[in-house]
Amino acid sequence: MNTNAFIGSILPPWVVAVDTFDDHDAVLFPGEEEVISRSVESRRKEFATARMCARTAMGLLGLPEQPLLPGVRGEPQWPKGFVGSITHCAGYRGAVVSPGADTITIGIDAEPNQPLSYGVLEAVSLAEERKSLTALAADYPDVAWDRLLFSAKESVYKAWFPLAKRWLDFEDAILTFNPVQGTFSARLLVTGPQVEGRQLMGFSGTWKAQDGLIVTAIVKAGGSATRRHRAAHRRPAAAQPAKS
(Lines give C-alpha, C1' and ligand atoms only; values in the text may rest on other atoms or scores of the structure.)
Protein backbone atom coordinates (compact mmCIF):
# COMPACT_ATOMS: atom_id res chain seq x y z
CA MET A 1 0.00 0.00 0.00
CA ASN A 2 1.06 3.55 -0.69
CA THR A 3 0.67 6.25 1.92
CA ASN A 4 2.27 8.62 -0.62
CA ALA A 5 -0.76 7.90 -2.73
CA PHE A 6 -1.18 8.26 -6.50
CA ILE A 7 -4.34 10.26 -5.88
CA GLY A 8 -2.68 12.29 -3.16
CA SER A 9 -1.14 14.75 -5.62
CA ILE A 10 -4.58 16.18 -6.46
CA LEU A 11 -5.75 16.46 -2.84
CA PRO A 12 -5.20 19.22 -0.26
CA PRO A 13 -2.53 18.46 2.35
CA TRP A 14 -4.92 17.88 5.25
CA VAL A 15 -6.59 14.89 3.51
CA VAL A 16 -4.96 11.50 4.15
CA ALA A 17 -4.87 9.21 1.13
CA VAL A 18 -3.80 5.56 0.88
CA ASP A 19 -3.94 3.44 -2.27
CA THR A 20 -2.57 0.32 -3.91
CA PHE A 21 -2.28 -1.22 -7.36
CA ASP A 22 -2.52 -4.77 -6.02
CA ASP A 23 -5.05 -6.73 -3.99
CA HIS A 24 -4.02 -7.81 -0.50
CA ASP A 25 -5.14 -10.62 1.79
CA ALA A 26 -6.97 -8.19 4.06
CA VAL A 27 -8.97 -9.28 7.10
CA LEU A 28 -12.56 -8.05 7.30
CA PHE A 29 -14.70 -7.45 10.35
CA PRO A 30 -17.69 -9.81 10.81
CA GLY A 31 -20.21 -7.22 9.65
CA GLU A 32 -18.17 -6.55 6.53
CA GLU A 33 -17.87 -10.28 5.85
CA GLU A 34 -21.65 -10.51 5.94
CA VAL A 35 -21.99 -7.70 3.41
CA ILE A 36 -19.66 -9.38 0.93
CA SER A 37 -20.45 -13.05 1.71
CA ARG A 38 -22.39 -13.73 -1.50
CA SER A 39 -19.94 -11.99 -3.84
CA VAL A 40 -17.41 -13.64 -6.13
CA GLU A 41 -13.80 -13.84 -4.92
CA SER A 42 -12.57 -10.98 -7.11
CA ARG A 43 -15.23 -8.67 -5.69
CA ARG A 44 -14.38 -9.75 -2.15
CA LYS A 45 -10.68 -8.98 -2.71
CA GLU A 46 -11.31 -5.49 -4.08
CA PHE A 47 -13.76 -4.75 -1.24
CA ALA A 48 -11.31 -6.01 1.40
CA THR A 49 -8.31 -4.21 -0.10
CA ALA A 50 -10.20 -0.91 -0.34
CA ARG A 51 -11.28 -1.30 3.30
CA MET A 52 -7.67 -1.95 4.26
CA CYS A 53 -6.64 1.29 2.52
CA ALA A 54 -9.35 3.13 4.43
CA ARG A 55 -8.33 1.67 7.79
CA THR A 56 -4.69 2.53 7.12
CA ALA A 57 -5.68 6.14 6.36
CA MET A 58 -7.84 6.23 9.50
CA GLY A 59 -4.93 4.89 11.53
CA LEU A 60 -2.74 7.72 10.29
CA LEU A 61 -5.34 10.06 11.80
CA GLY A 62 -5.21 8.24 15.13
CA LEU A 63 -8.40 6.19 14.72
CA PRO A 64 -8.52 2.56 15.92
CA GLU A 65 -9.31 -0.25 13.49
CA GLN A 66 -13.06 -0.62 13.08
CA PRO A 67 -15.57 -1.85 10.50
CA LEU A 68 -16.69 0.38 7.64
CA LEU A 69 -20.18 -0.81 6.82
CA PRO A 70 -22.12 0.47 3.80
CA GLY A 71 -25.08 2.79 4.19
CA VAL A 72 -28.37 2.89 2.30
CA ARG A 73 -26.68 3.70 -1.04
CA GLY A 74 -23.55 1.65 -0.43
CA GLU A 75 -21.59 4.62 0.90
CA PRO A 76 -19.06 3.82 3.68
CA GLN A 77 -20.20 4.84 7.15
CA TRP A 78 -17.23 6.78 8.53
CA PRO A 79 -16.56 7.25 12.25
CA LYS A 80 -18.29 10.23 13.83
CA GLY A 81 -16.32 13.41 13.21
CA PHE A 82 -14.62 12.14 10.03
CA VAL A 83 -15.43 12.08 6.33
CA GLY A 84 -13.94 10.04 3.53
CA SER A 85 -14.39 8.27 0.23
CA ILE A 86 -13.37 4.94 -1.32
CA THR A 87 -12.85 3.96 -4.94
CA HIS A 88 -11.71 0.90 -6.87
CA CYS A 89 -11.33 -0.05 -10.51
CA ALA A 90 -9.30 -2.61 -12.43
CA GLY A 91 -5.79 -2.49 -10.97
CA TYR A 92 -6.41 0.25 -8.42
CA ARG A 93 -7.96 0.65 -4.93
CA GLY A 94 -7.83 3.84 -2.89
CA ALA A 95 -9.32 5.63 0.10
CA VAL A 96 -9.15 9.16 1.49
CA VAL A 97 -10.10 10.35 4.98
CA SER A 98 -10.20 13.74 6.71
CA PRO A 99 -11.38 15.14 10.04
CA GLY A 100 -14.84 16.64 9.63
CA ALA A 101 -13.64 19.96 11.08
CA ASP A 102 -11.39 20.34 8.04
CA THR A 103 -13.57 18.86 5.33
CA ILE A 104 -17.33 19.02 4.79
CA THR A 105 -17.47 16.27 2.19
CA ILE A 106 -15.19 14.24 -0.10
CA GLY A 107 -15.74 12.28 -3.29
CA ILE A 108 -13.11 10.36 -5.24
CA ASP A 109 -13.23 8.02 -8.21
CA ALA A 110 -10.74 6.05 -10.30
CA GLU A 111 -11.23 4.68 -13.81
CA PRO A 112 -9.04 3.21 -16.55
CA ASN A 113 -7.98 5.82 -19.08
CA GLN A 114 -9.99 4.10 -21.80
CA PRO A 115 -13.10 5.14 -23.74
CA LEU A 116 -16.50 4.21 -22.38
CA SER A 117 -18.44 1.38 -23.96
CA TYR A 118 -20.68 2.27 -26.88
CA GLY A 119 -23.77 4.18 -25.82
CA VAL A 120 -22.68 4.89 -22.24
CA LEU A 121 -21.63 8.50 -22.85
CA GLU A 122 -25.11 9.42 -24.11
CA ALA A 123 -26.59 7.93 -20.93
CA VAL A 124 -24.36 9.86 -18.51
CA SER A 125 -23.92 13.25 -20.20
CA LEU A 126 -25.70 16.30 -21.50
CA ALA A 127 -25.47 17.53 -25.09
CA GLU A 128 -23.46 20.58 -24.00
CA GLU A 129 -20.95 18.32 -22.22
CA ARG A 130 -20.55 16.06 -25.24
CA LYS A 131 -19.83 19.08 -27.45
CA SER A 132 -17.15 20.25 -25.02
CA LEU A 133 -15.58 16.78 -24.83
CA THR A 134 -15.27 16.63 -28.62
CA ALA A 135 -13.22 19.84 -28.61
CA LEU A 136 -11.07 18.64 -25.70
CA ALA A 137 -10.37 15.31 -27.39
CA ALA A 138 -9.15 17.08 -30.52
CA ASP A 139 -6.61 19.11 -28.52
CA TYR A 140 -5.68 16.50 -25.88
CA PRO A 141 -6.09 13.06 -27.47
CA ASP A 142 -4.19 11.19 -24.72
CA VAL A 143 -7.10 11.57 -22.30
CA ALA A 144 -10.28 9.50 -22.56
CA TRP A 145 -12.52 12.50 -21.94
CA ASP A 146 -15.75 10.52 -21.88
CA ARG A 147 -14.33 8.33 -19.13
CA LEU A 148 -13.03 11.38 -17.28
CA LEU A 149 -16.51 12.90 -17.37
CA PHE A 150 -17.98 9.68 -15.99
CA SER A 151 -15.38 9.58 -13.22
CA ALA A 152 -15.92 13.22 -12.28
CA LYS A 153 -19.68 12.67 -12.09
CA GLU A 154 -19.09 9.71 -9.79
CA SER A 155 -17.02 11.99 -7.55
CA VAL A 156 -19.79 14.58 -7.65
CA TYR A 157 -22.34 12.02 -6.50
CA LYS A 158 -20.09 10.75 -3.69
CA ALA A 159 -19.59 14.31 -2.44
CA TRP A 160 -23.30 15.18 -2.86
CA PHE A 161 -24.98 12.25 -1.15
CA PRO A 162 -23.66 12.72 2.42
CA LEU A 163 -24.93 16.32 2.30
CA ALA A 164 -28.25 15.87 0.48
CA LYS A 165 -29.15 12.28 1.46
CA ARG A 166 -30.87 11.83 -1.88
CA TRP A 167 -30.10 10.56 -5.36
CA LEU A 168 -28.39 12.71 -7.99
CA ASP A 169 -28.78 11.65 -11.61
CA PHE A 170 -26.03 12.05 -14.19
CA GLU A 171 -28.01 14.81 -15.91
CA ASP A 172 -28.52 16.74 -12.66
CA ALA A 173 -25.10 18.43 -12.88
CA ILE A 174 -23.22 19.92 -15.80
CA LEU A 175 -19.43 19.64 -15.78
CA THR A 176 -16.68 21.68 -17.41
CA PHE A 177 -12.98 20.81 -17.47
CA ASN A 178 -9.75 22.78 -17.45
CA PRO A 179 -7.23 20.61 -19.32
CA VAL A 180 -4.20 22.70 -18.32
CA GLN A 181 -4.80 23.07 -14.59
CA GLY A 182 -6.31 19.62 -14.10
CA THR A 183 -9.49 20.97 -12.53
CA PHE A 184 -13.20 20.73 -13.18
CA SER A 185 -16.37 22.41 -12.00
CA ALA A 186 -19.82 20.92 -11.51
CA ARG A 187 -22.88 23.17 -11.61
CA LEU A 188 -25.93 21.60 -10.03
CA LEU A 189 -29.12 21.70 -12.09
CA VAL A 190 -31.26 20.73 -9.11
CA THR A 191 -31.80 22.44 -5.78
CA GLY A 192 -28.93 21.65 -3.44
CA PRO A 193 -29.03 21.38 0.35
CA GLN A 194 -28.03 24.11 2.79
CA VAL A 195 -24.35 23.81 3.69
CA GLU A 196 -22.93 26.14 6.34
CA GLY A 197 -25.88 28.48 5.88
CA ARG A 198 -25.69 28.64 2.09
CA GLN A 199 -27.39 26.67 -0.64
CA LEU A 200 -25.04 24.27 -2.36
CA MET A 201 -24.80 25.32 -6.02
CA GLY A 202 -22.04 23.02 -7.21
CA PHE A 203 -18.56 21.62 -6.63
CA SER A 204 -14.97 22.25 -7.69
CA GLY A 205 -12.73 19.27 -8.33
CA THR A 206 -9.34 18.10 -9.53
CA TRP A 207 -8.28 15.32 -11.87
CA LYS A 208 -5.25 13.48 -13.20
CA ALA A 209 -4.71 11.10 -16.11
CA GLN A 210 -1.45 9.19 -15.87
CA ASP A 211 -0.07 5.67 -16.32
CA GLY A 212 -3.29 4.38 -17.84
CA LEU A 213 -5.42 5.63 -14.94
CA ILE A 214 -7.85 8.51 -14.41
CA VAL A 215 -8.53 9.81 -10.90
CA THR A 216 -10.92 12.58 -9.90
CA ALA A 217 -11.52 14.20 -6.53
CA ILE A 218 -13.79 16.71 -4.84
CA VAL A 219 -12.85 18.08 -1.42
CA LYS A 220 -15.15 20.73 0.04
CA ALA A 221 -13.10 22.37 2.78
CA GLY A 222 -14.52 23.12 6.19
CA GLY A 223 -13.91 26.21 8.29
CA SER A 224 -10.75 24.98 10.05
CA ALA A 225 -8.93 24.07 6.86
CA THR A 226 -10.04 27.27 5.11
CA ARG A 227 -8.73 29.45 7.94
CA ARG A 228 -5.38 27.63 7.97
CA HIS A 229 -5.09 27.94 4.19
CA ARG A 230 -5.78 31.67 4.29
CA ALA A 231 -3.32 32.17 7.16
CA ALA A 232 -0.60 30.36 5.22
CA HIS A 233 -1.12 32.67 2.23
CA ARG A 234 -0.92 35.74 4.46
CA ARG A 235 2.53 34.80 5.80
CA PRO A 236 5.33 36.93 4.33
CA ALA A 237 7.32 35.09 1.71
CA ALA A 238 10.97 34.31 2.34
CA ALA A 239 13.41 36.75 0.78
CA GLN A 240 14.54 35.70 -2.68
CA PRO A 241 18.01 36.35 -4.12
CA ALA A 242 18.16 39.17 -6.63
CA LYS A 243 18.33 38.16 -10.27
CA SER A 244 21.58 39.00 -11.96
Side-chain angles (χ1 to χ4, degrees), residues 1-2 5-12 15-21 23 43 46-47 49-54 57 68 70-71 73-78 83-98 103-117 120-121 123-126 129 133 136 143-164 167-179 181-188 200 202-220:
M1 286 186 301
N2 308 306
F6 178 84
I7 200 171
S9 64
I10 63 169
L11 296 170
V15 176
V16 176
V18 176
D19 59 15
T20 180
F21 294 92
D23 279 327
R43 168 60 181 146
E46 74 175 15
F47 179 93
T49 301
R51 262 25 186 208
M52 183 173 65
C53 289
L68 282 175
R73 291 288 185 179
E75 75 285 3
Q77 300 296 287
W78 301 96
V83 296
S85 187
I86 292 175
T87 188
H88 43 75
C89 69
Y92 183 82
R93 290 83 171 90
V96 298
V97 186
S98 171
T103 305
I104 297 169
T105 190
I106 302 178
I108 65 167
D109 187 72
E111 301 286 338
N113 189 12
Q114 299 171 3
L116 293 170
S117 300
V120 175
L121 178 61
V124 302
S125 64
L126 300 166
E129 292 172 324
L133 295 187
L136 287 167
V143 178
W145 290 98
D146 57 349
R147 182 77 70 162
L148 177 57
L149 176 71
F150 176 83
S151 178
K153 290 204 171 188
E154 287 289 300
S155 288
V156 168
Y157 177 77
K158 291 178 181 180
W160 155 275
F161 187 79
L163 302 177
W167 187 256
L168 186 75
D169 286 328
F170 284 108
E171 65 268 22
D172 288 339
I174 184 166
L175 273 62
T176 56
F177 294 89
N178 185 314
Q181 296 181 358
T183 59
F184 66 91
S185 63
R187 177 168 57 88
L188 293 172
L200 181 67
F203 296 100
S204 297
T206 51
W207 64 271
K208 178 169 71 172
Q210 183 178 315
D211 299 331
L213 188 67
I214 286 171
V215 288
T216 58
I218 290 170
V219 179
K220 188 168 182 60

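Here Leu213 contributes atom CG and Cys89 contributes atom SG; the two are 5.0 Å apart, rounded to the nearest 0.5 Å. Atom SG of Cys53 is separated from atom OH of Tyr92 by 8.0 Å, given to the nearest 0.5 angstrom. Interatomic distance, Ile86 CD1 to Trp78 CH2, rounded to the nearest 0.5 Å: 4.0 Å. Here the straight-line distance linking atom CD1 of Ile108 with atom OG1 of Thr87 works out to 5.5 Å at 0.5 Å rounding. Between the CH2 atom in Trp207 and the CG atom in Asp109 there is a gap of 14.5 Å [rounded to 0.5 Å]. Separation of atoms CG (Leu11) and CD1 (Ile218) is listed at 11.5 Å; rounding is to 0.5 Å.
The main-chain N or O of Thr216 is found under 3.5 Å from a side-chain atom of Ser155 such that the two form a donor-acceptor pair. Using modelled atom types, one side-chain atom of Asn113 and one backbone atom of Ala144 make a donor-acceptor pair closer than 3.5 Å. Side-chain atoms of Thr105 come within 3.5 Å of backbone N or O of Ala159 as a donor-acceptor pair. Checking side-chain atoms of Arg51 against main-chain N and O of Leu68 turns up a donor-acceptor pair under 3.5 Å. Between the Asp19 side chain and the Ala5 main chain, no donor and acceptor come within less than 3.5 Å of each other. Between the side chain of Glu46 and the backbone N or O of Arg93, no donor-acceptor pair lies under 3.5 Å.
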Verify side-chain contact (heavy atoms from CB on, under 4.5 Å) between Asp146 and Val120, making sure each step is shown before the conclusion.
CA-CA 9 Å; Asp146 57 349; Val120 175; over 6 Å; no

Between Asp211 and Phe6, is a side-chain contact (heavy atoms from CB on, under 4.5 Å) present by the stated rule, with each step listed?
CA-CA 10 Å; Asp211 299 331; Phe6 178 84; 4.3 Å; yes

Audit row: Glu129, Glu171, side-chain contact (heavy atoms from CB on, under 4.5 Å) steps and yes/no:
CA-CA 10 Å; Glu129 292 172 324; Glu171 65 268 22; over 6 Å; no

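Annotation for Ala110 and Ser151: closest pair N-OG, 4.3 Å, computed over non-hydrogen atoms. Contact between Glu111 and Phe150 at its shortest, heavy atoms only, is OE2-CE2, 3.4 Å. Nearest heavy atom pair, residue Pro112 against residue Arg147, reads O-CG, 3.2 Å. Shortest non-hydrogen contact noted between Val97 and Ala54 is CG2-O, 4.2 Å. Closest approach of Leu136 and Pro179 over heavy atoms only: CD2-CG, 3.8 Å.
The pair Glu75-Lys158 fails the salt-bridge criterion, with no side-chain N (NZ, NE, NH1 or NH2) lying under 4.0 Å from an Asp/Glu carboxylate O.
Inter-residue side-chain proximity for Ser98 and Ile106 is flagged as met; some heavy-atom pair is nearer than 4.5 Å. In this structure the side chain of Phe170 never reaches within 4.5 angstrom of the side chain of Tyr157, judged on heavy atoms. No side-chain heavy atom of Trp160 sits under 4.5 Å from any side-chain heavy atom of Asp172. With a 4.5 Å cut-off on side-chain heavy atoms, Phe21 and Asn2 count as touching.
Other residues, nucleotides and ligands contribute at most 12 non-hydrogen atoms within 6.0 Å of the NZ atom of Lys220. Annotation for Arg187: atom CZ does not count as buried by contact number, only 12 or fewer foreign heavy atoms lying within 6.0 Å.
Here the options are Val143, Leu149, Thr183, the test is side-chain contact (heavy atoms from CB on, under 4.5 Å), and the partner is Phe177; only Leu149 passes. Partner Ile104 forms a side-chain contact (heavy atoms from CB on, under 4.5 Å) with one of Val219, Val83, Leu163 and no other, that one being Leu163.
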